[in-house]
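Some notes on the structure that comes next.
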Amino acid sequence: MSDSIHLKLPDGSVKEVPKGTTALDVAKSISPRLADSALAAKSNGDLIDLGRPLEEDSELRILTDRDPQALEVYRHSSAHLLAAAVLELFPETKLGHGPATENGFFYDFHRQTPFTPEDLEKIEKKMQELVQHNLPYAREFVDRSEGLQRFKGEGDFMKCHFIEQFTKPDEKISIYKTGKFLDFCRGPHLPSTGKIKAFKLLNIAGAYWLGDEKNPQLQRIYGTSFFSKKDLDDYLNSIEEAKKRDHRVLGKQLDLFSIQELAGPGLIFWHPKGGIIRKEMEDWMRDQYVKRGYSLVYTPHVMRRQLFFTSGHEGYYAQNFFDFMELDDAEYRVKPMNCPGHILIYKDSLKSYRDLPVRLGELGTVYRYERSGVMHGLLRVRGFTQDDAHIFCTPEQIEKEIADCVEFARDVLKDFGFDKFQTELSTWDPGDRKSFVGSEEQWNMATSSLESVLRKLNIEYKTIPGEAAFYGPKIDIKLVDAIGRLWQLSTVQFDFNLPQRFSLEYVAEDGSRKQPLMVHRALFGSVERFFGVLIEHYAGAFPVWLSPVQVAMIPIAERHSEYAEKVASQLRAAGVRVHVDSRNEKMNSKIREHAMQKIPFLLVVGDKESEADKVNVRTRGKEKTEDMGTAEFVEKIKKLIEEKSAVL
RNA sequence: GCUGGCGUAGCUCAGUCGGUAGAGCAUCGGUUUUGUAAACCGAGGGUCGGGGGUUCGAAUCCCUUCGCCAGCUCCA
């Protein structure tokens, strides 16, 4: 039995130290500077407190503010700091839990009277004070029963729940203490509150206890913290930047769409300018349908309720429907999905294997009841149009069909200006038969064909077990927008359910009747949602081909209007959307206005231009204007539109 | 749906202690005819989200309802 242990450091060196040495001791022995900047440590890959005595040989790494992993510890400690400050100010508060999150941290509190925004300021001030006091995050181990008793005595029912949930009866439990605040917590934490340099409380929100809406709601306080004031400011700025891209704000400023209180929430009015963008999106999609061998169909918006009993949707999604209506002694409903309609078209005639694959596509508008609190601009609505298609094919055809769908999806995203994606394969949970229909063979076949497609296309993907639709596995493609946010839009899904429920058939080569496989896919996802993402991605500065107004003509004085009209008609003849602004306003004011409308090209014309058949081009985002022959500009913009160029 | 916040002119917002509503931009009329991001003068515009209540009197206080925002829950 040796009293010393060996610690291997990241530079490869090995230190022999007495048992019980802490990571902080090691840091001190390396340099006082390191000891000062150390925040936590990693021992054999596990995050630990700097002050934790080391008992055995291990690989040790001291974490400072250069390690992203230290930030998680830092934020977790920030959450404890928040809780400590709340207890100082509001001692009667009961505590839930307070983890680090992707962008900060939160802590859940239970309290009779909810926190107000003024409370938030007070709490933040108190946190500042506790940082000044440089309180240690002290860890101790107590007997489970003792710990339970202590929390029970304080009425901390949530802490008791966590102890009972996460520890076994004979275990010692880990407690962290910061000032008056005691937490059942496995850590690790910073050595003391003084290490926290930059934090801000952001907002207060409700959150269900244990995430279950049947439980009472807690008060959740959100905050964030960073290693430096500068990082914090950068983050707060980036929130401000994201706000400027908000499609609801831009939709108003650029007059793209609206939602009308009188008409109802979650229902979109496409204004003329948004309508042009929608037309471009739809034209693109319909052209692609035709090019890729899809057939375009249209199905009714209101259909007999019986259809949805047959499809099974009545049972599974009744809570997501708009209520049905009665007409002539029958019940009808607005469609919440397009699949049953397409199936009726498929079934209307007997199909031969020679007819397959049948690909039926529709820009189909559906209505779904979303709970009142979940609507969000264009991204979560009650009425929307899916670029929906259903493919019916033989087992031999399935892989190619899926591969084509995935490539189609990538082409959509690319043409609309997205070049980064993440792909996910959602599979079933064989243990959860209640949530998934179909046999094990069906699931295995379907999942392996999806996998094989992704492999053949050389697409990296994440598998997410248990996330499949109840009727089959699916491939989801998430796009990454201009500021790095992820959006779920495209989906390619297997469906075992509907072919069975509707007894779909085709006649095989040998004359027997077989059931076709069915693929359900939507690439924009919903036209509304895709539009919302486009607005945010481009911050309203659309590529020329999508811009509602592509060129604004600005005659300098009234006498130049005629020439402006002449240029405009040349542009219109070339298929360009051009607006001539002949208002009695200063040129400067017109430039300002149209620049704020993010119009790609402003053409100023005066005496110089009209005499030489030229235009003065002011390009969005560019400081300098340039003189150009009219014909030259027409060719330039034609080319940009044709190429769907994202740059001007 | 839940917790909290918020609804004032077309838009962005001010409005003190409860005393009958105001600015800028936009709109309309006029003047001006302009060289690269806001010309000047004038006018009109409000059941203060809706309904009810308290009060001599309500944008302001209370109740209720609709909508919006943040988050939770949900998202086939």
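Only a predicted model underlies this, so the values are computations on that prediction, with no experimental measurement involved.
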Pairing nucleotide - [N], Watson-Crick or G-U, each distance under 3.5 Å:
N     : result
B:G71 : B:C2
B:A39 : B:U31
B:G24 : B:C11
B:C56 : B:G19

- Qualifying side chain to side chain donor-acceptor pair (under 3.5 Å) pairs with a residue from residues 301-310 of chain A, counting only residues at least two apart or across chains: A:Arg305-A:Glu314, A:Arg305-A:Glu331
- With P as the reference atom in both, quote the distance from B:U20 to B:A59 in angstrom, rounded to an integer. 9 Å
Output all residues satisfying side-chain contact (heavy atoms from CB on, under 4.5 Å) with [X], sequence neighbours left out; order by chain, then residue number.
X        : result
A:Glu241 : A:Lys244
A:Tyr367 : A:Leu267, A:Phe322, A:Val334, A:Thr365
A:Glu565 : A:Ala568, A:Arg572, A:Val580

- Query: Are the aromatic ring centres of A:Tyr222 and A:Phe106 under 6.0 angstrom apart?
  - Reply: yes
- Under 6.0 Å between ring centres, would you say that holds for A:His161 and A:Trp209? yes
- Query: Reading nucleotides 68-74 of chain B 5' to 3', which nucleotides get B (base under 4.0 Å from a protein heavy atom), which S (sugar-phosphate only), which -?
  - Reply: SSSBBBB
- Nucleotide by nucleotide, nucleotides 36-43 of chain B touches protein heavy atoms under 4.0 Å in the pattern (B base, S sugar-phosphate only, - none) BBBB----
- Which of parallel (below 30°), tilted (30 to 60°) and perpendicular (above 60°) describes A:His76 and A:His80? perpendicular
- Side chain A:Gln550, main chain A:Phe601, donor-acceptor under 3.5 Å: no
